[in-house]
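Since the structure comes first, as structure tokens, the remarks are kept for the end.
For this chain, numbers begin at 1 and follow the sequence in order. Computed from a predicted model, the values in this text were never measured in an experiment. These values consider heavy atoms only, across backbone and side chains, with no hydrogens, waters or symmetry-generated copies. Order of listing sets the numbers, starting from 1, for every ligand and every atom in it.
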Amino acid sequence: MFQRPPAEILAELEALRAHDAPTHGGHVLSYVYDPGLVEIDELAAAAMRAVQSVNGLDPTTFPSVAAMERDIVAFVRGMLHGQAGGGQRPDDTVVGSVTSGGTESCLLAVKTARDAWRAAGGEGAPMLVAPSTVHAAFHKAAAAFELELVVVPVDQMTGRPAPEDVIAHLSDRVALVVLSAPSYPFAVLDPVEAVAAECAARGIALHVDACIGGFALPWWQGSGDGGRALPPWDFSVPGVTSISADVHKYGYAPKGVSVLLQRGRDRQRHQYFALSDWPGYPVVNPTLLGSKSAGALAAAWAIIQALGDDGYASLVAKAHRATDALVTLVSGIEGLRVFGDPTGPLFAVCTDESVSPDRRVDPHHWADRVKQAGWLIQAQPGLVQRDGTRLPHTTHLTVTPVTERVLEPLGQALGSAADAVRGIPAVDPAAVLAALTGSLGTTGLPERLDSETAWGLLERLGVGAGGAMPAEMAPLLALIEAVPSSVAERLLVELVARLVEP
Ligand SMILES: *Cc1c(COP(=O)(O)O)cnc(C)c1O
């Protein structure tokens with residue numbers, strides 16, 4: 001019956017997995033969120049297996065799906081101070097859905113706001129207003145649902161948008177404002193209260209993207225750094241109309257599960273797609289997918305049952321202590337500094353320009369060195385904002401509970417990598433660009449790159465056959481900063497597309 005024996009197939013899978021970055025143990029400071037509890041992983045695996053054959057499309061046929069989703073929504077609503085239904089004003093009731101991830105939650109928040117805006121008589125092209133630090137998912141959502149995206153520059157020292165700069169863009173055409181709690185690039189907790197007050201007064205929807213902070217900030221205050229008070233940012237703030245929180249980040253569920261909560265049943269119903277007007281089964285989809293796995297949902301449900309409020313509080317305390325220790329450590333490395341005033345278990349690091357050039361550390365050379373020592377931290381390109389101000393290029397660290405156990409070797413690696421690259425200037429983007437365009441025999445990059453030209457450029461940057469990444473990422477990041485974003489995006493698409501070409 002089998003063309004190959006299952007054991008052999010699984011052995012091959014294991015061999016493939018051996019080339020992946022380690023998902024446990026704290027060596028990867030982005031993408032993965034390790035609570036450091038084996039029992040949690042085992043519970044999640046068993047829960048996924050229990051629903052392996054279920055179709056999450058239809059909760060009337062598979063009521064377990066609805067039951068688990070209700071429990072998760074109730075937990076997250078409590079955690080984010082949302083009002084339960086019944087008795088209170090119905091437009092204050094907070095309801096929600098489990099989605100396949102942060103991106104889907106963000107897409108649906110935008111779709112809901114657009115359709116609610118239209119239903120309320122909005123005319124012309126709807127607009128979405130957000131700081132330049134807003135997650136890429138909102139750029140995707142604005143493109144997909146055809147909203148005009150207004151990107152508000154943030155302060156170049158703090159990474160924080162001024163509330164008045166956001167408010168200045170409010171008008172009848174604005175269907176949604178998005179703020180972050182905190183932002184991914186710099187971990188800034190945006191000024192939710194001030195913007196929410198103005199949005200509420202004008203009847204404009206405000207989404208708080210707590211994809212990364214949702215399962216951490218509720219327990220942040222009172223753990224770690226002596227309990228510095230956080231300004232309110234969740235449903236306790238009246239003008240907040242929706243919040244996204246990823247269970248597959250600090251909720252520790254396997255990938256594929258996030259929660260989107262919305263204030264007001266009637267506004268939330270705009271999230272849904274329904275169709276009775278075709279010859280097939282009547283369709284009702286709260287989310288983007290049709291048939292879908294219930295695996296990550298079941299795992300998330302089981303983990304939330306197991307951890308509960310106390311479990312999350314103690315895991316957040318570990319991540320908080322580890323973050324404080326790393327922030328102190330990095331701040332003590334000559335030539336580097338922590339960017340802005342981060343809130344939550346993540347932060348970004350940039351060059352300390354207050355020291356002389358020969359003592360500065362470039363964060364991208366630093367990340368490349370740190371990688372050689374077996375730790376992955378994430379390089380982020382700089383950005384010239386619409387107003388001409390420049391956000392520095394940085395390196396991002398996401399801290400998890402397990403980080404606390406590896407603070408010593410990690411600190412060692414961060415320190416010696418800085419020593420190794422101190423004084424080496426950042427890669428000169430102009431030089432990378434000149435070397436590349438030289439290869440084309442022209443004076444500049446063509447406006448539109450075809451696959452072959454794009455691939456040729458990538459090969460010159462050291463990308464190998466099958467998309468093997470170059471030993472050093474700093475030149476690639478410098479190129480991204482140097483070329484127009486449309487060219488950078490085309491190169492990145494080519495890189496990732498080639499990975500899966502047979
Ligand atoms: C991770 C993240 C997202 C997108 O989530 P995915 O789960 O990667 O799709 C959106 N916003 C913020 C702030 C995030 O950190």
Under 4.0 Å from any heavy atom of [X], which atoms of ligand 1 are there?
X      : result
Asp246 : 1 (C), 5 (O), 7 (O)
Gly102 : 4 (C), 5 (O), 6 (P), 7 (O), 9 (O)
Thr103 : 4 (C), 5 (O), 6 (P), 9 (O)

Suppose we measure from [atom] to each protein heavy atom; which comes out shortest, and what is that distance?
atom                    : value
atom 1 (C) of ligand 1  : Lys249 NZ, 1.3 Å
atom 7 (O) of ligand 1  : His248 NE2, 2.7 Å
atom 11 (N) of ligand 1 : Asp209 OD2, 2.6 Å

With a 4.0 Å cut-off on heavy atoms, is Lys255 in contact with ligand 1?
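It does not, in that no heavy atom of Lys255 comes within the 4.0 Å cut-off of ligand 1.
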Would you say the rings of [Y] and [X] are close, in the sense that their centroids are separated by under 6.0 Å?
X      : Y      : value
Tyr33  : Tyr252 : no
Phe339 : Phe347 : no
His207 : Phe138 : yes

Does either side chain, that of His396 or that of Thr394, offer a donor lying less than 3.5 Å from an acceptor on the other one?
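Short answer, no.
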Backbone or side-chain N or O of Ser183 under 3.5 Å from ligand 1 N or O
no
So Leu189 and Leu217, do their side chains get closer than 4.5 Å, heavy atoms only?
yes
Asp209 and its side-chain hydrogen bond (donor to acceptor under 3.5 Å, both in side chains) partner, picked from Ser244, Ser180, Ser105
Ser244
